[in-house]
Amino acid sequence: MEILLTFLILNISAQDKWIATDKALHFTYSALGTALITNTLKDYNVKAPEIKGASIMFGIGLSKELFYDSKLSYKDLTADLLGCVVGTY
């Protein structure tokens, strides 16, 4: 039952490849967005700007997956997360 729910929630598709232009865009926008948000938060002397910047950007990526795509792709979210990590440095 849990496996069925996981497949229904993620709607895993064989067409969703790990290496694709879409994943590169997710990674790039997440990295650049995280860097921009983090640097802006640093300018305002916010505590833990890296964590907050990455959280905000990952939230944007998750929202995009939930509201604008017909299916939730864990591969897209992984690319978003990796971009957020890279963007903090």
* Asked: Atom CG in L77, atom NZ in K23: separation rounded to 0.5 Å?
  -> 10.0 Å

* **Side chains of Y74 and D16 in contact at under 4.5 Å (non-hydrogen atoms)** => no

* Can you tell me if CG on L66 sees more than 12 non-hydrogen neighbours from other groups inside 6.0 Å? -> yes

* A31 backbone acceptor or donor facing T34 side chain under 3.5 Å -> no

* Would you say I51 has more than 12 foreign heavy atoms packed within less than 6.0 Å of its CD1? -> no

* To the nearest 0.5 Å, what is the distance between NZ (K75) and CG (D80)? -> 14.5 Å

* Structure fact -> Smallest heavy-atom separation, S30 atom then M57 atom, equals O-CG, 3.6 Å

* If two hydrophobic side chains count as joined below 4.5 Å and joins carry through other members, does I37 share a cluster with Y44? -> yes

* Between the main-chain N or O of S73 and the side-chain N or O of E65, is there a donor-acceptor pair closer than 3.5 Å? -> yes

* Asked: With side chains defined as the heavy atoms from C-beta onward, is the minimum distance between D22 and D76 less than 4.5 Å?
  -> yes

* Could you walk me through whether K64 and H26 pass side chain to side chain contact (heavy atoms under 4.5 Å, CB included), step by step? => CA-CA 10 Å; K64 184 257 178 201; H26 277 273; 3.9 Å; yes

* Asked: For K47, does its backbone N or O pair with a side-chain atom of K52 as donor and acceptor, under 3.5 Å?
  -> yes

* **From Y29 atom OH to C84 atom SG, the distance as rounded to the nearest 0.5 Å** => 15.0 Å

* **Distance (rounded to the nearest 0.5 Å) between L62 CG and F67 CZ** => 8.5 Å

* Asked: When clusters are formed by joining ILVMFWY residues with side-chain heavy atoms under 4.5 Å apart, either directly or through shared neighbours, do L25 and L32 land in the same one?
  -> no

* To do: Verify the cluster assignment for F58 and I56: are they in a single hydrophobic cluster under the rule of side-chain heavy atoms below 4.5 Å apart?
  => no

* Asked: Is F27 reachable from L72 through a run of hydrophobic residues whose side-chain heavy atoms are each under 4.5 Å from the next?
  -> no

